[in-house]
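So that the names make sense, note that chain A is the first sequence line, chain B the second, and so on, each numbered from 1. Side chains included, hydrogens not; waters and symmetry mates left out as well; all remaining heavy atoms used.
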Amino acid sequence: MPPHLKHALPIAFWVAGLALVFILLYAPILSAVLFSFSADRFPSLSMSGFSTQWYAQVLTDRAMLEALWNSLTVAGFTALIATALGFAAAYADYRFRFFGQKAVLALALLPPTVPLVILGLAMLAFFSRIGIAGTLAAVVAAHVVIAAPFAMAVCRLRLAQLDRTLETAAQNLGAPPHSALGRIVLPHTVPAILAAFLITFAVSFDEYVISWFTGGLNQTIPVAVLTTLQGQVDPTIHVIGTLSFTVTLTLVLIALAVVLRQSGGAMSKEETS
Amino acid sequence: MNSPALPARTSGRRLPFLFRRTWPALWILPMPVWLLLFFAVPLGLLVAISFWSVVNYRLTPDATLAAWRHVLGLDFLWASFWRSYGLSMASAVVISLLAFPASYAMAFVAAPRQRLILLGLAIAPFFTSYLVRIYSWQVFLTEGGVISSIVQAFGGKGDSLLNTYFALFLGHATLALPVVLILQTIALANVDRTGISAAANLGARPRAILFRVILPAARPGLTLGLLFAFLLSYAEFVSASYLGGGAFQTLPILVTDLVRAGQQWPRAAVVSLLMIASLLVTAFVTVLWAYREKG
């Protein structure tokens with residue numbers, strides 16, 4: 001922050017707001033972790049004791065392990081394709097002037113605005129017609145549609161910070177387009193690409209509506225949870241939540257460390273100027 | 001290895017004509033092609049299906065307005081529509097207001113390095129199963145659950161909070177807060193620092209800096225945050241059914257019921273198209289406002 005910025009309200013107000021939001025975000029997660037170790041079937045504050053029985057139950061559940069594998073496969077492929085598409089679209093918009101540019105941009109920003117229920121419905125209808133409904137490939141194709149716009153937005157925001165004349169200058173000096181891209185644009189955008197990969201992975205890993213509509217018998221983890229949720233009280237939901245939180249938090253922390261190292265210099269420059 | 005005296009030998013090289021022509025297309029085309037195939041075509045099919053009919057429980061191509069007439073004549077459809085729209089808009093406004101102090105703290109109070117860590121922690125919940133977090137809120141809100149136990153310990157009644165607007169709002173906030181926090185914080189952090197410094201040097205009061213420099217400059221990002229909170233809340237149907245109980249029959253629930261219970265694909269398509277139309281109008285108006293020229 002600029003040292004001379006005086007805040008309109010005391011710093012305590014803003015920090016309290018921050019604390020409140022973090023409580024809202026983390027209370028349900030921490031409670032899931034806590035109750036996953038509960039010995040009781042019904043979660044309540046008066047826990048009778050700790051137990052790992054629900055973990056044993058989940059980790060020996062063949063259907064659950066298969067769902068986990070499905071989720072990882074779908075999210076991995078989705079993140080790869082969506083990040084590639086998103087970066088390409090962001091770079092195209094940043095670098096080139098072409099016919100229909102605005103239309104392409106508008107089309108790319110539409111999918112997140114369409115409710116997943118509707119997309120799920122439309123895609124189930126479409127995939128049944130072309131005969132791939134119920135396959136994991138169908139789920140990936142659908143997930144890329146909802147994830148790629150996020151990747152594009154993240155990359156485009158980062159590219160906006162790059163001086164456009166740098167690349168043109170490089171090309172005027174004779175650098176071929178791919179070398180200007182590889183030496184100037186890509187190094188600058190790497191943190192954004194990584195962030196895009198993680199975001200698209202997350203979007204896919206947690207998506208349950210489209211997977212539920214189009215995945216058929218290939219359940220992913222969220223679909224398995226959804227089916228459990230519709231039944232009775234089930235403590236294994238807390239276990240699944242705890243496990244997926246552990247995995248994803250580790251991923252985010254690794255990504256964060258990379259981003260911190262990558263953008264540490266740039267960030268401090270931007271702040272001191 | 002390192003030869004700084006190496007002449008710029010690429011300068012004279014001519015690239016093949018074909019490469020120069022296809023290079024931009026390589027970057028421009030993939031996204032629109034994928035979206036046309038897996039987004040525009042399925043939605044187009046949905047439009048077509050709204051004119052089809054159901055014969056003996058089988059969806060049959062047709063050109064009839066029957067589904068449109070039926071759905072648009074339903075009183076409870078319009079009730080659901082306005083309920084869905086109003087509740088989601090209310091949630092979006094409250095979520096944006098709730099997120100703003102936190103985003104401000106991340107953008108202006110926290111040091112850059114802290115900001116990245118905080119943003120990471122704000123994004124992290126987005127990665128955990130949304131459904132599990134909804135299930136957790138159920139544990140908090142139910143009768144004899146965490147919140148009611150605490151209230152009772154202080155001598156309150158401690159009724160169940162499920163099936164209230166508060167429960168529904170918590171569900172919406174659980175979904176949308178991370179996205180809103182990111183959009184707001186990026187918007188605020190990208191506000192030109194020299195503008196802020198200039199205003200301060202010219203003697204502007206802190207309140208004036210906030211309302212006349214920071215907020216106008218961050219308006220597009222803040223508005224996008226509001227829009228996304230609305231979109232996410234409007235489309236969400238898990239918290240409406242699991243936290244809001246039967247009290248909030250929203251459009252997404254209506255759509256799934258129509259398909260799952262009665263194979264009423266054409267009617268479900270009509271309700272879907274109504275939802276999309278209302279979303280597009282809302283998004284269009286909001287974005288126009290966000291990027292409107294100052295003055």
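- Atom-to-atom distance recorded for Gln184(B):CD and Tyr104(B):OH is 13.5 Å, nearest 0.5 angstrom.
- Contact tally against chain B (heavy-atom pairs below 4.5 Å) for Phe87(A), Phe13(A), Tyr26(A): the top residue is Tyr26(A).
- Using a 4.5 Å cut-off between heavy atoms, Ala173(B) makes no contact with chain A at all.
- With a 4.5 Å cut-off on non-hydrogen atoms, Leu279(B) touches chain A through its side chain but not through its backbone.
- Using a 4.5 Å cut-off between heavy atoms, Ala27(A) contacts chain B through both its backbone and its side chain.
- Using a 4.5 Å cut-off between heavy atoms, Arg129(A) contacts chain B through its side chain alone, with no backbone atom that close.
- When heavy atoms are compared at a cutoff of 4.5 Å, Leu119(A) approaches chain B solely by way of its side chain, counted from C-beta outward.
- Of the two parts of Leu45(B), only the side chain, counted from C-beta on, holds a non-hydrogen atom closer than 4.5 Å to a non-hydrogen atom of chain A.
- With a 4.5 angstrom heavy-atom cutoff, Phe211(B) does not touch chain A via any of its atoms.
- With a 4.5 angstrom heavy-atom cutoff, Leu20(A) touches chain B only via side-chain atoms.
- Only the side chain of Leu181(A) comes within less than 4.5 Å of a heavy atom in chain B; its backbone stays farther off.
- Side-chain polar atoms of Ser204(A) and His143(A) form a donor-acceptor pair below 3.5 angstrom.
- Side-chain N/O atoms of Tyr234(B) and Thr250(B) include no donor and acceptor closer than 3.5 Å.
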In a table with atom names and distances, give each donor-acceptor pair under 3.5 Å that connects a side chain of residues 22-41 of chain B to protein atoms at least two apart or in another chain.
from     : atom 1 : to        : atom 2 : distance (Å)
Thr22(B) : OG1    : Leu18(B)  : O      : 2.9
Thr22(B) : OG1    : Phe19(B)  : O      : 3.4
Trp34(B) : NE1    : Ala141(A) : O      : 3.3

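- At a 4.5 Å heavy-atom cutoff, the contact between Ala125(A) and chain B is made by backbone and side-chain atoms alike.
- Contacts between Phe230(B) and chain A at a heavy-atom distance below 4.5 Å are absent for every atom of the residue.
- With sequence neighbours left out, Tyr130(B) forms a ring-ring contact (aromatic ring centres under 6.0 Å, His included) with no residue at all.
- Proximity to chain A is limited to the side chain of Leu170(B), based on heavy atoms less than 4.5 angstrom apart.
- When heavy atoms are compared at a cutoff of 4.5 Å, Leu251(B) does not approach chain A at all.
- Contact of Val145(A) with chain B is made through backbone and side chain together, with heavy-atom distances under 4.5 Å.
- At a 4.5 Å heavy-atom cutoff, the contact between Tyr208(A) and chain B is made by side-chain atoms alone.
- The parts of Leu110(A) that come within reach of chain B are both its backbone and its side chain, each placing non-hydrogen atoms under 4.5 angstrom from that chain.
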